[in-house]
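Here is the structure we will look at, set down as structure tokens.
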Amino acid sequence: MSKKNKKQKVKPQVLKGFRDYVPSEQLAREAMLAKIRDSFELMGFLPLQTASLEFAETLLGSHYNEDSLNELFGFKGPDDVDMALRYEFTVSLARFVASNPTLPLPFRRYQYGNVWRVDKPGPGRYREFMQFDIDIVGTQNLLADSEIIAGMVSTMQNLDVKNFKVRFSNRKILNGLMEYASISPEKSSDVMRVVDKLDKQGRDAVILELGAGRIDVSGDKIKGVELENSQISKMEEFLDIASVKDTDALNNVEKLLGSIEISQTGIDELRTILINLENMDVDKSCREIDLTIVRGLGYYTGPVLETTLLDLPEYGSVFSGGRYDNLVDRFLGRSIPAVGSSIGVDRLLAALIALDALKMKRATSQVLVTVMDKERLPDYLKLLRELRAAGIASEIFSGDTKNLTKQIKYGDKVGIPFAVIAGSDEFENGMVTVKNMQAGKEKAKETSDREEWLKAEDIQETIKVDTLIAYIKEKTSA
RNA sequence: GCUGAUGUAGCUCAGUUGGUUAGAGCGCCUGGUUGUGGACCAGGAGGUCGUUGGUUCAAUUCCAUCCAUCAGUACCA
């Protein structure tokens, strides 16, 4: 058949939107998770872990139909059950709360893990990705909303993210706006969706989409919401004042919508939150009221929250949420109010890597113990054991070669900062040689002569065996 | 989903106005150097030219199709 007898091979490919995390990325990711966890536990949040798979009906609720089944990783599982991978944690949290009636409320919990969505992948956007949520369930007290916002700011700060802003608004103001512009309930979610694009597409595009629609730069037609001109001009009145921030924005919107009860409630709530944030001493430069914030999700009922990186706005919101007072209804038939927010861990990680804002560690080992003389293996293992007992992460060269060149090359490639070398020269005198790989790397830049480089003195030192641990500790702490 | 662009080695790309053995740089492997990384030197592995079909004496090259990737856009519970 074919010219060569080729072995049947499986292509080593990953699914669209899925990915591997190489060790250096995973180390950064786990360091990030640890910081987030610390931030939330400092605020008294408790960990919860729920099942990755849920009944399709649990996840989708009233959306449980054919269309929505295509939008998630759903399938017929064992025992003939319709099930799906979770696409967020909030519904699972509601399910958990509904099935644990003795749970002390308010329940402050955090949860992190993978979620799965059938979305088109983009920069920092995957089909399997990690989210890290905080929520407070069982209270309408705006202190909860304020705590969530404060937690968002402090978490971003603990992650050493420099240039970010938590922006928030209130769905109640928008609900009143729908009333003001006489927009029917059927159209209001479409209108919200369009207004949500203001940031990305700009005011002109939004106005067009509220009316007859527009044609985008690629020539693609975008359907409009088909509002009346009178409705659109009322929306414009709002958009004009929405570009102003904080107290001024609230005062302006109060003039426009204050006569509508639900909007006034929303305005008052935001004022309360502002006062709380002030008393909590949350850095003003890290948060602001922005009345253009909408959030696509339909289940939000009150404050809505978003966090953007000012240096990378194209990554979208990296930490967002809001108040959802009706989600538990699905399971209980009565309301349990809740508010929460969620970090897109992988999106944020991708953004921070793109900003070069993370220290990327490559190795966990500080020391590589090389093996030159097989007869001396017990001595090498003793060194290794002592290093580890002293809390110094170490590994012995576990490859197949005795060739020292290759062992050192391995240490260089994987990024281990120190190599311990010992042969008969050292053992007979109770000594050991420690090579500083980083110093060697710098020296290599200065010299092109091999002999000179190998003889360079400050790259490695031969010291007494019993001073090895103190030596490494001193070098690594500096 | 829609619009457009692009698919040649692990990566970045060149190339063929259709013609027999498809190239470069980087990376990788081996040796120089089983007591030392980088640089250097010598050698080596690696390609169904994205898929399938069509036109042709002949297709990696032309045409169609599908698939994939990228960008924009839509949807996003």
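When reading the values below, keep in mind they use all heavy atoms of this one structure, side chains included, and skip hydrogens, waters and symmetry mates. Residue numbers begin at 1 in each chain, while the letters A, B, ... track the order of the sequences.
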Please tabulate, for side-chain N and O atoms in residues 410-418 of chain A, each donor-acceptor pair with protein atoms closer than 3.5 Å (sequence neighbours left out).
| unit_1 | atom_1 | unit_2 | atom_2 | d |
| --- | --- | --- | --- | --- |
| A:Y410 | OH | A:E395 | OE1 | 2.9 |
| A:D412 | OD1 | A:K441 | NZ | 3.0 |

Salt bridge (Lys or Arg N to Asp or Glu O under 4.0 Å) partners of A:K382, counting only residues at least two apart: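 A:K382 satisfies salt bridge (Lys or Arg N to Asp or Glu O under 4.0 Å) with A:E386 once adjacent residues are dropped.
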
In chain order, what residues pass the salt bridge (Lys or Arg N to Asp or Glu O under 4.0 Å) check against A:K165, with sequence neighbours excluded? A:E288

Using a cut-off of strictly less than 4.0 Å between a heavy atom of the residue and any atom of RNA chain B, enumerate the qualifying residues of residues 404-422 of chain A by number.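 A:L404, A:T405, A:K406, A:I408, A:K409, A:D412, A:K413, A:I421, in order of number.
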
So what is the 5' to 3' dot-bracket string for RNA chain B, if pairs are Watson-Crick or G-U wobble with both distances under 3.5 Å, crossing pairs use [ ] and | means the partner sits on another strand? (((((((..((((.....[...)))).(((((.......))))).....(.(((..]....))).))))))))....

Pair of N/O donor and acceptor under 3.5 Å linking B:rU73 base with A:K197 side chain: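 Answer is no: no donor-acceptor pair is held.
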
Report the residue (A:I459 or A:E88) whose heavy-atom-nearest nucleotide on RNA chain B is the more 5′ of the two. A:I459

Those residues that, when tested against [X], pass side-chain hydrogen bond (donor to acceptor under 3.5 Å, both in side chains) (two or more places apart):
{"X": "A:E228", "result": "none"}
{"X": "A:Q140", "result": "none"}
{"X": "A:T50", "result": "A:Q111"}

Tell me, please, which residues at least two apart from A:S99 pass side-chain contact (heavy atoms from CB on, under 4.5 Å).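 Partners of A:S99 under the side-chain contact (heavy atoms from CB on, under 4.5 Å) test: none.
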
Throw together a table of side-chain donor-acceptor distances under 3.5 angstrom for residues 421-432 of chain A, partners on residues two or more places apart or in other chains.
| unit_1 | atom_1 | unit_2 | atom_2 | d |
| --- | --- | --- | --- | --- |
| A:E426 | OE1 | A:G423 | N | 2.9 |
| A:E426 | OE2 | A:T433 | OG1 | 2.7 |
| A:N429 | ND2 | A:D425 | O | 2.9 |

Please check: side-chain N/O of A:T301 versus main-chain N/O of A:D325, any donor-acceptor pairing under 3.5 Å? yes

Show me the side-chain donor-acceptor pairs of residues 337-349 of chain A shorter than 3.5 Å, one per line, residues at least two apart or across chains.
| unit_1 | atom_1 | unit_2 | atom_2 | d |
| --- | --- | --- | --- | --- |
| A:S341 | OG | A:S320 | O | 3.2 |
| A:S342 | OG | A:D133 | OD1 | 2.6 |
| A:D346 | OD1 | A:Y21 | OH | 2.8 |
| A:D346 | OD1 | A:R29 | NE | 2.8 |
| A:D346 | OD1 | A:R29 | NH2 | 3.2 |
| A:D346 | OD2 | A:Y21 | OH | 3.3 |
| A:D346 | OD2 | A:R29 | NH2 | 3.2 |
| A:D346 | OD2 | A:M130 | N | 2.6 |
| A:R347 | NH1 | A:Y315 | O | 3.2 |
| A:R347 | NH1 | A:S317 | O | 2.9 |

Shorter than 3.5 Å, N or O on both sides, protein versus nucleotides 41-43 of chain B: list them out with atom names.
none

